[in-house]
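Just so you know, these numbers use all the heavy atoms, side chains as well, and skip hydrogens, waters and symmetry mates. All ligand and atom numbering here is 1-based and tracks the order in the structure. Numbers for residues simply follow the sequence, beginning at 1.
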Amino acid sequence: MTHYSMYINGEWVGKDYETKAVINPANQKEVGTVPNGGKDDTTRAIDAAHKAFQSWSRTTAYERADYLEKFYHLILDHEEDLAKTMTIEMGKPINESRGEVNYAASFIKWFAEEGKRIYGETIPAHVDGKRLQVWKKPVGVVASITPWNFPAAMLTRKMGPALAAGCTIVIKPSSDSPITAIKLMELCEKAGFPKGVVNLVTGPSSEIGDTVMSDKRVRKVTFTGSTEVGKTLIRQSADDVKNLSLELGGHAPLIVLDDANVGVAVKGVMASKFRNAGQTCICANRVYVQSGIYDKFVEKFSEAVTKLKVGDGLNEEVDIGPLINKAGLEKVQHHVDNAVNSGASVVVGGKTREEGEGVFYEPTVLKDVDPNMVIMNEETFGPVAPVQKIETDAEAVKLANDTEYGLAAYVFTENVARGMQLIEQLEYGIVGWNDGGPSAAQVPFGGFKESGIGREGGHEGIEAFIESQYVSIGMN
Ligand code: NAP
């Protein structure tokens, strides 16, 4: 078993530290250990990033793009190793892990290019003898905190724009899946990024979090994870008015209207709901189907779900890997039990799956659910699709928006005018219309309401790492 190290100021640190084990959720075996770093290591990483910022921020966008291009190609060259690492440490089926490696790489490629398009502005003056300009500057040292469910892509979606903009970065990966991130650091080293530009620390989240939040040299914190932790960071950011970007939880509605193509809708909900065993922030968490098509949809959807194969994600045939841990499994079971005890029926699945020591849940379809059930009100993070019958478009909109979340929503209808009218009323940052997989590097990703602040990806994604400096130039 390998003991991995932290990466601080271009050096591998923590070989002799106390360790924390990383557990494969498919069999509960240790897959490696990481150092239990803490406050001192985080401060050293901030020291290094702060020092490196002085020179990295002065390199040209073209030089930074060259480093990022090298990193991009190295990620693709190591696709298989990164994919296996991801599957072993957090359970995602291997084909999805390969997909995530490519998705992760796409952010590095996109932002390598986007960094060259950080344009300033010249604004017409209101009086003679002045020139009004806006200059663009990197925000400074960035701290990145990421979740376990997309251990590569959630990190590169932050690293790409931060580094392209001229910022340096201190990374804190999830304790459940830190090895993928450490392997990405090995590739950064190979790509030749100067010392201190990229740093990674592992260890207790609150200690590392408190350290970055209380260090005034960290000018920006970019976080992906739960809304609960996001709110803690907002509170902590008040003391020195730290710049925050937050990608938080979701509770996505998926609406199927009676003029939908059932085949397209079933394909869409399969893609959206069961990817990563339902453990994604934009997973459809509640399905609303209009009464005219409800029975047919439930039948076809259930048929497709029955075919999903559950097991260790390293098996190429597997569609549904384990859940991340026992707590995740218990939450899913609680949502199903609560629904069934309140009148829902299980059409497929509905229970845990015994597979050795693994933490598996059967892909599940529930019908006859109602809006009061817990599953219709909380993020489930598991392979369970509750399907509620609805009558009207207005009812769909009302139910969809009746949540504090606003990340992703899905709509299935073949009627363009109806689709547009409905989507205009949805309070969601991302909408898939006849599409269960809307994510891509070149589009803005982020949520309304308590699903976050800011956008990642697209041309908007780099703005989070740039300050505008307005310069008024007197010409007399
Ligand atoms: P989490 O518990 O909020 O953890 C996310 C990260 O925050 C981890 O690195 C965690 O470290 C760290 N953390 C925990 N407490 C902290 C604190 N007090 N200060 C600083 N950092 C702290 O979320 P998760 O369970 O890993 O991920 C699942 C959640 O992420 C879901 O709600 C999902 O919807 C959301 N998510 C959102 C997006 C999006 O783009 N909007 C994408 C993916 C996931 P440890 O692991 O060491 O505890």
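Residues Asp210 and Gln236 bring a donor and an acceptor atom of their side chains to less than 3.5 Å of each other.
Contacts of Trp56 classified as ring-ring contact (aromatic ring centres under 6.0 Å, His included), with partners at least two apart in sequence or in another chain: Tyr67, Phe193.
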**Request:** Check the pair Lys29 / Glu357 against salt bridge (Lys or Arg N to Asp or Glu O under 4.0 Å), numbers first and verdict last.
**Result:** CA-CA 9 Å; Lys29 292 197 174 123; Glu357 297 297 306; over 6 Å; no

**Message:** Please determine whether salt bridge (Lys or Arg N to Asp or Glu O under 4.0 Å) holds for the pair Glu207 and Lys39, giving the CA-CA distance in whole Å, both sets of side-chain angles, and the decisive distance to 0.1 Å.
**Reply:** CA-CA 6 Å; Glu207 192 173 331; Lys39 187 173 191 300; over 6 Å; no

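Of all heavy-atom pairs spanning Pro322 and Gly311, the tightest one is CD-O, 4.0 Å.
Both tests do not hold together for Lys449 against Tyr405: distance to the six-membered ring centre under 6.0 Å, angle to the ring axis within 45°.
Contact residues of ligand 1 (protein heavy atom closer than 4.0 angstrom to a ligand atom; sorted by chain and number): Ile145, Thr146, Pro147, Trp148, Asn149, Met154, Arg157, Lys172, Pro173, Ser174, Ser175, Ser205, Gly209, Phe223, Thr224, Gly225, Ser226, Val229, Glu247, Leu248, Gly249, Gly250, Cys281, Glu379, Phe381, Leu407, Phe445.
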